[in-house]
Asks: 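First the structure, which I've put down as structure tokens, then a few questions once you've had a look.
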Amino acid sequence: KNIDHRYLALGRLAVAAARGDAPHALLKDALAEAVESVRLAAGSVRIFGKGDADLAVAQAGDSIAVQQIEQLEQTLLVQLRKTWSVKSLFMTLDLTEPAGIFSYPLRSQDSVIGVITGIAYGDRSLATEEEFVSYMAAMIVLIGRSSASWSTEIPTPSDPQHDEAVRTE
């Protein structure tokens, strides 16, 4: 059978979560599976905390591409989310060569608790991967919620600190 390896990765992640593997390890494994399955140069997952601190960060892939994601996160992507309320982003940039970039929110109920970002080199649109990325994002949120790992540290929309703690999309 020609089974899509992306969905096998989601299945392995679900089994590991059900087995009770540590959430931070699952986050790292999920990202590594996504990077390999979608053929990315690198990927990053950030679980937002209060202020500018992150509760959890996982990175996978080529070290230069990981650095490029960090630079894009600190400059362009964070500004697009804050200033323009960008929900998800799929674009092509001309870095040292053309590169497809995506940045997708991790949503828990009405809040954005983090972001998954990826980069792939070449003339390739990552918009075709949106379905898989949305499934991976949902799986990451469920893992955090079921383990009460990072989701309970994020104030709920009824909490007065909510606007300070959750970054805008």
Side-chain angles (χ1 to χ4, degrees), residues 1-17 21 23-49 52-108 112-144 150 166-169:
K1 288 183 178 179
N2 185 13
I3 298 175
D4 191 333
H5 292 282
R6 296 173 300 173
Y7 298 101
L8 289 176
L10 286 172
R12 284 191 295 273
L13 182 59
V15 168
D21 290 7
H24 287 78
L26 288 171
L27 187 65
K28 187 175 180 177
D29 291 347
L31 182 61
E33 290 271 10
V35 166
E36 183 178 329
S37 297
V38 182
R39 299 179 333 276
L40 300 174
S44 171
V45 175
R46 296 187 180 286
I47 306 299
F48 301 147
D52 290 331
D54 290 326
L55 293 176
V57 176
Q59 299 171 324
D62 175 75
S63 62
I64 292 172
V66 166
Q67 288 175 352
Q68 288 176 323
I69 287 175
E70 285 178 4
Q71 291 171 350
L72 287 167
E73 269 294 333
Q74 293 170 4
T75 57
L76 177 66
L77 300 178
V78 72
Q79 283 298 3
L80 287 172
R81 284 192 292 272
K82 284 182 180 179
T83 306
W84 300 100
S85 298
V86 172
K87 293 181 182 8
S88 62
L89 180 73
F90 294 85
M91 64 182 174
T92 303
L93 298 176
D94 192 12
L95 302 173
T96 55
E97 61 182 290
I101 308 287
F102 72 82
S103 189
Y104 200 86
L106 302 176
R107 296 181 186 277
S108 181
V112 174
I113 65 163
V115 63
I116 182 169
T117 304
I119 185 170
Y121 296 122
D123 286 322
R124 176 177 167 213
S125 171
L126 292 175
T128 58
E129 303 296 344
E130 184 170 10
E131 181 180 48
F132 172 72
V133 171
S134 70
Y135 294 161
M136 183 62 74
M139 183 68 74
I140 290 168
V141 170
L142 289 173
I143 289 167
W150 48 75
V166 179
R167 298 180 190 167
T168 57
E169 306 171 35

Asks: As an exercise, state the distance from OG of S134 to CE of M139, rounded to the nearest 0.5 Å.
Replies: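 Rounded to the nearest 0.5 Å, the OG-CE separation comes out at 11.5 Å.
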Asks: So, for I113 and S108, which heavy atoms are closest and what is the spacing to 0.1 Å?
Replies: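 Looking at all heavy atoms of both residues, the closest pair is CG2-CB, 3.8 Å.
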Asks: Say you draw a straight line from CG of L13 to CG of L8; how long is it, rounded to the nearest 0.5 Å?
Replies: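 Spacing of CG (L13) from CG (L8) equals 12.5 Å.
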Asks: Side chains of M91 and L76, heavy atoms from C-beta outward: is any pair under 4.5 Å?
Replies: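 The answer is yes, as the side chains (C-beta and beyond) meet within the 4.5 Å cut-off.
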Asks: Within the supplied structure, the quantity of interest is the number of heavy atoms (other residues, nucleotides, ligands) at a distance under 6.0 Å from D123 CG; does it exceed 12?
Replies: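 Result for CG/D123: open.
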Asks: Got a second to check how far S44's OG is from I69's CD1, nearest 0.5 Å?
Replies: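 Result: 6.0 Å between the selected atoms.
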Asks: I'd like to check L27 versus I143 (side-chain heavy atoms, cut-off strictly below 4.5 Å). Are they in contact?
Replies: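 Of all side-chain heavy-atom pairs linking I143 with L27, none is under 4.5 Å.
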Asks: Determine, stepwise, if the pair I140 / M136 fulfils side chain to side chain contact (heavy atoms under 4.5 Å, CB included).
Replies: CA-CA 6 Å; I140 290 168; M136 183 62 74; 4.1 Å; yes
Asks: If I compare all heavy atoms of Y104 with all of A137, which pair ends up nearest, and what's the gap?
Replies: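 Heavy atoms of Y104 and A137 come nearest at CD2-CB, 3.9 Å.
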Asks: Evaluate the criterion side chain to side chain contact (heavy atoms under 4.5 Å, CB included) for residue pair L106 and V45; output intermediate values, then yes/no.
Replies: CA-CA 9 Å; L106 302 176; V45 175; 3.9 Å; yes
Asks: Once side chain to side chain donor-acceptor pair (under 3.5 Å) is applied, what residue pairs with a partner in residues 31-43 remain, sequence neighbours excluded?
Replies: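 Qualifying pairs, neighbours excluded: R12-E33.
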Asks: Report yes if some heavy atom in the side chain of V38 is under 4.5 Å from a heavy atom in the side chain of V133; otherwise report no.
Replies: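 Heavy-atom side-chain distance check fails, nothing below 4.5 Å.
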Asks: Assess whether side chain to side chain contact (heavy atoms under 4.5 Å, CB included) is satisfied between V115 and L77, documenting all intermediate values.
Replies: CA-CA 10 Å; V115 63; L77 300 178; over 6 Å; no
Asks: If you look only at pairs with a residue in residues 64-74, which of them pass as a salt bridge (Lys or Arg N to Asp or Glu O under 4.0 Å), with sequence neighbours excluded?
Replies: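 For residues 64-74: E73-R81.
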Asks: Counting neighbours of CG on L93 that are heavy atoms of other residues, nucleotides or ligands and sit closer than 6.0 Å, is the number greater than 12?
Replies: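 Counting neighbours around CG of L93, more than 12 heavy atoms of other residues, nucleotides or ligands fall under 6.0 Å, so yes.
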Asks: Testing the basics here: between V66 and A60, what is the closest heavy-atom pair and its distance to 0.1 Å?
Replies: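 Scanning both residues completely, I find the closest heavy atoms to be CG2-O, 3.7 Å.
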Asks: For residues 129-141, which residue pairs qualify under salt bridge (Lys or Arg N to Asp or Glu O under 4.0 Å), counting only residues two or more places apart or in two chains?
Replies: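 Only R6-E129, R124-E129 qualify under salt bridge (Lys or Arg N to Asp or Glu O under 4.0 Å).
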Asks: Heavy atoms only: give me the nearest L40-A120 pair and the separation to one decimal.
Replies: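 Looking at all heavy atoms of both residues, the shortest contact is CD2-CB, 4.1 Å.
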Asks: CG/L126 to CZ/F90 distance, rounded to the nearest 0.5 angstrom?
Replies: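 Rounded to the nearest 0.5 Å, the CG-CZ separation comes out at 7.5 Å.
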Asks: Any non-hydrogen side-chain atom of T117 less than 4.5 Å from a side-chain atom of F102?
Replies: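 In short, these two side chains do not touch, never coming nearer than 4.5 Å.
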Asks: Of the non-hydrogen atoms in A16 and L26, which two are nearest, and what is the gap between them?
Replies: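 Result for this residue pair: CB-CD2, 3.4 Å.
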Asks: Which heavy-atom pair separates T75 from Q71 by the least distance, and what is that distance?
Replies: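 Smallest heavy-atom distance, with atoms named: OG1-O, 2.7 Å.
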Asks: In sequence, state the C-alpha distance, the side-chain angles, and the governing distance for L95 and I119, and then conclude on side chain to side chain contact (heavy atoms under 4.5 Å, CB included).
Replies: CA-CA 11 Å; L95 302 173; I119 185 170; 3.7 Å; yes
Asks: Working to the nearest 0.5 angstrom, can you tell me the gap between D21 CG and D29 CG?
Replies: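 D21 CG to D29 CG: 7.5 Å, rounded to 0.5 Å.
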